[in-house]
Every structure is written in structure tokens, then in C-alpha cells.
Amino acid sequence: MLNMVGLSFVALLLTVGASTLERAEYDYYKYHPMDEISSWMAQMEKDHPDVVTIVDYGKTYENRTISLMRIGLKTEAKKKAIWMDCGIHAREWIAPAFCQYFVRQILQTYKTDAKMETMMTNMDFYVTPVLNIDGYIYSWKDSSTRLWRKNRSPGPSGDCYGTDLNRNFDANWGTVGVSFNCSSNIYCGRGPISEPEAQAITYFVGSRKEDFLCFLTIHSYGQLLLVPYGHPDFTASNYDELMKVGRGAAEAILKVHGKNYTVGTSPDVLYANSGSSRDWARMQEIPLTFTFELRDNGTYGFKLPENQIQPTCEEAYSGALHIITYAHDKTFNGAATTAAATLWTMLLAVGVSGANLM
Amino acid sequence: MATGELNPSHYPAQRAAKVVQHYLNTHYGSPYKLFGLERVYSAKAEDVADSGRKYQLEISVHEIISNAKEKCSAEVFFPRGEKQLSPQVQVSSCEELFKIDAKPEEEALFQQYKTNKILRTEKRLPDSYGNMDPEMTPFWHLSIVASSFIMLTESTENTLYNMAQVANITQLATENDQLKFDCHVLLHEMVSQEIPQWKLLFTWSPAEGVKVLQTEQLPHLHEGEKHPKTN
């Protein structure tokens with residue numbers, strides 16, 4: 001009798017064990033090579049078919065498919081959107097790590113957090129875990145390629161490689177903070193959006209620009225939140241709003257692990273530059289566009305130790321959420337909704353007390 | 001360029017303050033003592049006739065290993081001229097940080113490598129994942145200190161240097177009671193986003209600190225090129 005029970009118990013354990021093996025926990029606090037990230041994306045779509053859809057939206061120079069994850073609750077209405085891209089610069093490994101964490105976090109939260117559920121109902125999140133796939137793969141090749149920044153398209157003469165994708169967008173292209181020498185790490189390319197990776201974002205976001213409330217591009221390092229524009233002679237029409245929201249995000253970040261993130265335009269707090277994805281997005285009238293420069297301040301730089309992935313992601317998530325929540329509430333009239341609810345509550349209370357409204 | 005009271009979070013003050021960090025590491029750094037710029041509280045800049053630009057800074061500095069923090073006053077002078085000259089730095093009211101006692105650990109390391117062990121590593125510090133063998137950490141610190149000498153001398157108002165990685169560090173024969181090292185480092189210059197590569201020959205002892213004997217900048221590599229390995 002005991003034997004039979006024992007065997008059934010073992011059988012039960014094996015079944016549980018087998019399904020656990022199938023669903024081996026993805027380690028969000030380790031750096032993953034591109035093939036693992038791609039598998040993870042496919043797995044997330046499989047695990048959350050009602051909210052996650054992978055969308056292919058371009059090709060890299062080496063002909064790899066550029067994909068994003070569209071995350072949101074399906075509705076009839078056309079939805080507003082949030083854009084997030086990571087890995088424009090190959091060596092900034094913490095950025096793709098953050099995109100993956102961000103996705104995991106919103107998928108975990110929306111089931112229990114009413115606010116996130118509302119945001120996922122009203123908006124779609126478009127997250128590109130790695131944009132510069134060729135560059136990222138190259139930075140994984142061996143220890144001598146780890147600090148590669150650009151994409152992998154060959155220069156005009158063929159003896160040098162790579163365009164700085166964050167200088168290649170059609171936003172005051174080629175005017176400041178760039179080089180026209182292919183050997184340079186800030187080479188802006190043959191012309192605006194000469195690079196297929198920059199083209200992919202330009203066409204996808206460009207054809208839907210009225211839908212986007214918010215455009216976040218994730219980089220490292222420096223602990224900065226940068227607002228448009230990179231060109232010192234141009235000021236965003238909503239500069240004050242961008243600074244206010246940015247400061248709010250920096251405050252949220254500080255609360256998590258005490259790290260200071262500086263908020264400002266690139267020419268103020270870092271250096272002048274042109275052709276960035278953030279500037280281009282702002283010029284498309286997407287109102288809230290920010291560049292995140294994650295940890296650290298230079299001690300480890302691009303090679304942020306894996307034991308800092310978790311705290312970095314936690315604080316960055318807090319900052320991103322602040323901006324996203326602001327964008328959402330501004331559009332979906334958070335205040336008006338509250339007022340309406342209060343009115344209804346009052347009317348119901350009056351009705352219950354038997355007062356005659358007529 | 002901005003003159004007078006500067007916004008402490010803007011780049012001119014930040015770049016000048018980073019130079020102070022490099023100065024502190026060059027003069028006071030060790031395998032167990034490494035300084036980082038924590039914050040800039042205030043900054044002022046003024047032109048000095050035709051000779052250059054002077055920054056006055058109130059900053060806080062962080063000793064990374066002991067986690068001590070202290071406010072310091074510093075002055076950074078960037079000379080102007082045809083030939084690029086190194087900035088000059090003066091620091092005051094930082095004394096508590098310098099008093100941090102790392103002597104026991106430094107002595108122990110010094111004795112160990114003076115007689116018993118020889119350091120030779122081909123693995124990069126840190127590795128691609130930001131990790132390193134704990135036994136190598138003091139030598140990573142030492143390389144940062146030696147590199148700070150280069151970062152200090154190469155800094156201008158238009159640069160922001162950090163160390164990106166140590167490609168390799170080799171211990172040579174002890175000379176005059178100083179440990180001697182040959183290392184190949186990769187720096188990161190933020191404004192150009194370039195990775196300048198340097199080779200350094202330097203000595204260290206707890207008593208004398210780090211002394212850089214020779215430096216050599218390696219040429220910018222083209223696709224597929226590798227710098228020849230040193231012996």
C-alpha cells in the first residue's frame with residue numbers, strides 16, 4: 001500500500017519536475033548572447049499569447065531580422081503607444097538586460113496591479129531588446145571586440161567598419177558632435193538614415209507617430225536622463241515639461257538604491273550631438289522622449305558587473321515607469337476620471353440617503 | 001565657454017572635477033585605495049590672461065574600497081597653448097581621505113609579490129561580464145592608479161576619461177625594492193567615444209606609491225588588426 005502511494009508520489013514529483021525543467025527560469029541578472037535573447041523573446045510570446053506579439057520590422061546590415069515585442073491587452077480601439085529600444089550601441093550590455101527586465105516586470109505586474117492593467121489596456125508597449133544586433137553579436141565574439149559601439153556596415157573605402165547609429169537619424173544630421181571619418185566611433189554614416197537599423201525605427205515609428213506618447217532609448221554609461229535636443233541651438237517646445245518629468249524620474253530612481261541620475265539636455269550635461277534617435281523622435285512630435293544612460297559613473301563603465309544588473313534594472317524601471325505613467329495619465333485624463341468617480345460616488349450616496357433629486 | 005559661477009551638473013564642471021579624481025588617484029591611489037568623483041557642489045571658472053582657464057570646485061570624493069566620503073576643495077588649471085599641456089591640480093581640505101589606512105593590506109600584498117609570487121595575466125580585467133578573480137582586484141586597482149597618470153596628463157576641457165579595461169598586466173623583476181609592472185590598458189574617452197590604448201611601465205611599493213616610468217600610446221587599430229603582444 002505504502003509502496004503504491006510512494007510510487008504515485010514519485011510519479012507526481014517527476015511530472016512537476018519535468019514541467020519545471022521545460023520552464024527553466026531565465027536569469028535576468030546575467031548578460032545573454034543574442035541567440036538566448038531571441039529564444040527568450042519567442043518563449044515570452046508563447047507564454048503570454050494574449051498580450052505579447054513579436055513584430056519583425058527591419059533587417060540589419062548583415063541581414064538579421066530586427067524584432068520588437070508588442071505588449072498590451074487586446075482591445076477593439078486603436079491604442080496609444082510607448083516605445084523603448086535597447087542596444088543601439090553594441091557595448092552597452094546593461095541596456096538589453098534592462099529591456100528584458102522591463103518586459104518581465106510589466107508582464108508580472110499587470111495581473112495584480114490595477115494601474116499597470118489600466119495602462120496595458122489603454123496603451124501598447126513596443127520594446128526592442130536589441131536594435132544593433134550585428135554590433136551586439138560582434139561584441140560577444142571575443143574579449144578584443146567587447147568594446148565595439150557601432151553597427152557593422154562597411155565604410156566607403158572598405159577598410160573600416162561601422163556607423164554610429166545614434167548619429168545616423170534624420171535630426172540635424174551631420175551638424176555637431178559627429179565625424180565624417182569612418183574610423184571614428186561617432187561616424188554618422190554616408191547620409192541621414194543610411195543605415196538599415198536606423199531605417200527600421202524611422203519607418204516603423206514614423207508611420208505610427210501619432211500613436212506614440214513616449215519614446216525611451218536606453219544606453220550606458222553615465223547615470224543621466226537626457227532630454228532633446230542634442231544640438232545646442234535648438235530647444236524643445238516642451239523643455240520645461242521634459243525637465244519636470246525627467247526630474248521626477250530621477251527622484252524615483254534615487255529612492256530605489258540611492259543612485260544620482262543627472263537630468264538635462266545633452267549639450268548641457270554631456271556633449272552636443274546630432275542625429276540621435278531621441279531627437280528624431282521628438283521632431284516627429286512624440287512629446288516625451290528621453291535617453292537613459294544607465295550605471296555606472298566610470299568605475300566599470302561598459303563592463304558593468306553582473307551583480308549590478310538587478311539594482312540597475314530596478315532603479316531604471318522606477319524611472320521609466322514614472323515617465324510612462326505621466327504620459328498615460330496626461331492622455332487618459334487621470335484627473336478627470338477621478339472627478340467622475342467622485343461625482344458618481346456622491347450621487348449614489350445621495351440616492352441611498354433617499355434625497356429627492358428632482 | 002562659460003565663465004563665472006557654473007552649473008555643477010553641467011559638463012564643464014563635471015569634466016574639471018573628473019580631472020581632480022585622476023589627480024587624487026595618481027598621487028594617493030594604491031591597490032587598496034581608489035578614488036571616485038561623487039558629486040560637484042559648486043564650480044567657478046575664469047580665464048587667466050592668455051595662458052589658460054582656471055576652475056574652482058567644491059566636490060565630494062568617494063574612496064571606493066572603504067566607502068569613505070569627504071568634501072574637498074580643488075583648483076584645476078587647463079593651460080592654453082600650441083602644444084597640449086597637462087592640467088595642473090591643487091586639492092585642499094581632503095586630508096581625512098588620505099589618512100585612510102590601507103597599509104596592512106598593502107604591505108601584505110607587497111611582501112607576497114616581492115618574493116613568492118609573480119603576476120602574469122592574459123585575461124582582461126574586468127572580463128566581458130564585468131567580473132574578475134578576487135586575487136586580481138588589487139592589480140586592477142593598481143592599473144587604474146597608473147592609468148590615472150595618463151588620464152590626468154591627457155585631460156583637457158574637451159575630454160572625459162575613464163578606464164575601460166586592462167588588456168594585460170605582467171610583473172617584471174623587482175627593482176630597488178619596488179614591484180615593477182608592464183601593463184596594457186584601454187581607456188574610454190567619453191566625448192569622442194574612442195578607446196585609446198596605452199602601454200605603461202610602472203613601479204609600486206607601499207612606501208613610494210605608484211611611479212610611472214614609461215608610457216606609450218598605441219596606434220588606432222584598423223579592422224582585423226591587433227597590437228603585437230608585449231613580452
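Worth saying up front: this structure is predicted, and the values here are computed from it rather than measured. Just so you know, these numbers use all the heavy atoms, side chains as well, and skip hydrogens, waters and symmetry mates. Lettering of chains follows the sequences in order, A, B, ..., and the numbering in each one begins at 1.
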| task | Count the heavy-atom pairs under 4.5 Å between each of A/Ile186, A/Asn260, A/Val263, A/Thr145 and chain B, then report the option with the highest count. | result | A/Ile186
| Which atoms of B/Ile64 approach chain A - backbone, side chain, both or neither, heavy atom under 4.5 Å | side chain
| Does any heavy atom of chain B fall under 4.5 Å from the side chain of A/Asn297, the backbone, both, or neither of them? | backbone
| task | Would you give the length of the straight line joining atom NE2 of B/His220 to atom CG of A/Asn185, rounded to the nearest 0.5 angstrom? | result | 7.0 Å
| request: Return yes if a side-chain donor-acceptor contact under 3.5 Å exists between A/Tyr300 and B/Gln165, otherwise no. | output: no
| note | Among A/Asp164, A/Thr265, A/Leu270, A/Thr299, the residue with the most heavy-atom pairs under 4.5 Å to chain B is A/Leu270
| note | Here the pair of heavy atoms bringing B/Arg124 nearest to A/Ser143 is NE-OG, 3.2 Å
| said: Quick check on the interface: out of A/Leu224, A/Asn307, A/Leu304, A/Ile309, who has the most heavy-atom pairs with chain B under 4.5 Å? | reply: A/Leu304
| Within-4.5 Å side-chain heavy-atom neighbours: B/Ser128 and A/Trp140 | no
| field | B/Gln193 side chain to A/Arg167 side chain, donor-acceptor N/O pair below 3.5 angstrom | value | no
| message | Counting only non-hydrogen atoms closer than 4.5 Å, does B/Asn7 touch chain A with its backbone (N, CA, C, O), its side chain (CB onward), both, or neither? | response | neither
| Sidechain-backbone polar pair: A/Lys303 side chain, B/Pro126 backbone, donor-acceptor under 3.5 Å | yes
| task | Go through the side-chain N and O atoms of A/Tyr221 and B/Asn162 and say whether any donor and acceptor fall under 3.5 Å apart. | result | yes
| query | If every non-hydrogen atom of B/Ser9 is compared with every non-hydrogen atom of A/Val269, which pair is closest and at what distance? | reply | O-CG1, 3.6 Å
| query | Are the side chain of A/Glu306 and the backbone of B/Asn131 linked by a donor-acceptor contact shorter than 3.5 Å? | reply | no
| request: Kindly compute the distance separating CE (B/Met190) from CD (A/Glu293), expressed to the nearest 0.5 Å. | output: 7.0 Å
| said: Are the side chains of B/His188 and A/Phe302 in contact, using a 4.5 Å heavy-atom criterion? | reply: yes
| With a 4.5 angstrom heavy-atom cut-off, which part of B/Leu186 approaches chain A: side chain, backbone, both or neither? | side chain
| note | Turns out that what part of B/Lys123 lies under 4.5 Å from chain A's heavy atoms comes down to neither
| Of the backbone (N, CA, C, O) and the side chain (C-beta and beyond), which part of A/Tyr271 lies under 4.5 Å from a heavy atom of chain B, both, or neither? | both
